[in-house]
Structure formats: C-alpha cells, structure tokens
Amino acid sequence: MAYAKTQGVIDLDGVALAVSEAVTNVVLHAYLDDQVPGVVEVVAASDGDAFEVRVCDDGRRRRPRPDSPGVGAGLPLIATLTTSLDIGSKQGGGTRLVGLTPRRGQGLEVRPWARSHALRASQ
C-alpha cells in the first residue's frame, strides 16, 4: 500500500480490500484441481487519471462453484470498490482482473469505500 499512497490513491483501504478479494478468488478458484501450487501476479501502476491494479493467474477460468467456500460476494465487492473493473482471459491462459481507482486531484468520479457496502455483501 505504500506505493499506492505515493501515487496519491484516495481510498487506500478500498484498494487493499479489493486486492485481497481478487487474490482470494485466485486461491479458491484458479488452481482448484491442480496438484502443485499456482502463481498469482499482482501489478500496480499509475495510469493517467487512475491507479491501476492487475491481478492475474495461469489457472483455468471456471464457472461459479456451487460448493464454493465463500458467499460469492468477492467480485461484486471489488466492483463497488473500483471506478472501473475488467475481467477477462489472460493471453496464454488464465484470468486477468484489472481495477482502476482514482488518484488525488484527478477528475474521476470518486466512489469511496463505505462500510455499508462490505456489510451488505457479507449478509
């Protein structure tokens, strides 16, 4: 989070929670049937008016799991914590999630993290 702070990210807690949720999704879903641990790549960079975080894996993209140990609130929660969210296939296989959040003084609509979003998502 130190890098995000130096880049003027407005909502550090929101970025931390969104990244945590994205990495948790990789752990729970991307490498489910694999015999060896998989890799998760997290890359952050300033991109124009926004701070961009990419979370990528090399696992197989799957449909939602009916036996999922989670409540299925991860992606909706990430969407509320970012101003833009793109989820797709990664070149060469795997999944790529890209989230943008505003930086201080930039002209983006700010949707700061609200505790009510997190509470609603966990109910």
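Owing to the predicted nature of the structure, the values given are computational and were not obtained by experimental measurement. Because only heavy atoms are used, hydrogens play no part in the values below, and waters and symmetry mates are left out as well, while side chains stay in.
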[X]: side-chain hydrogen bond (donor to acceptor under 3.5 Å, both in side chains) partners, not counting sequence neighbours:
| X | answer |
| --- | --- |
| K5 | none |
| D58 | K90 |
| E41 | none |

Minimum side-chain heavy-atom gap [X]-[Y] below 4.5 Å:
| X | Y | value |
| --- | --- | --- |
| L100 | T82 | no |
| N25 | D57 | no |
| T101 | L81 | no |
| L17 | L77 | yes |

Mind listing the closest non-hydrogen atom pair of [X] and [Y] along with its distance?
| X | Y | value |
| --- | --- | --- |
| V98 | R54 | CG2-CG, 3.5 Å |
| R96 | C56 | CG-SG, 3.8 Å |
| A4 | L12 | CB-CD2, 3.7 Å |

Those residues at least two apart in sequence (or on a different chain) that pass side chain to side chain contact (heavy atoms under 4.5 Å, CB included) with S20 are T24
Practice prompt. Under the side chain to side chain contact (heavy atoms under 4.5 Å, CB included) rule, collect the residues that match up with A44, sequence neighbours excluded.
Written response: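 A44: side chain to side chain contact (heavy atoms under 4.5 Å, CB included) contacts with Y3, F51, V53.
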So the ring-ring contact (aromatic ring centres under 6.0 Å, His included) pairs with at least one residue in residues 5-28 (sequence neighbours excluded) are none
Rounded to the nearest 0.5 Å, the CG atom of L75 sits from the OG1 atom of T80 at a distance of 11.0 Å
>> Nearest 0.5 angstrom please: I87 CD1 to T95 OG1, how far?
In response: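 Output value for this atom pair is 9.0 Å.
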In short, salt bridge (charged side-chain N to carboxylate O under 4.0 Å, His left out) pairs touching residues 14-31 with sequence neighbours left out are none
Checking L97, V39, V55 against V26 for side-chain contact (heavy atoms from CB on, under 4.5 Å), the one that qualifies is V55
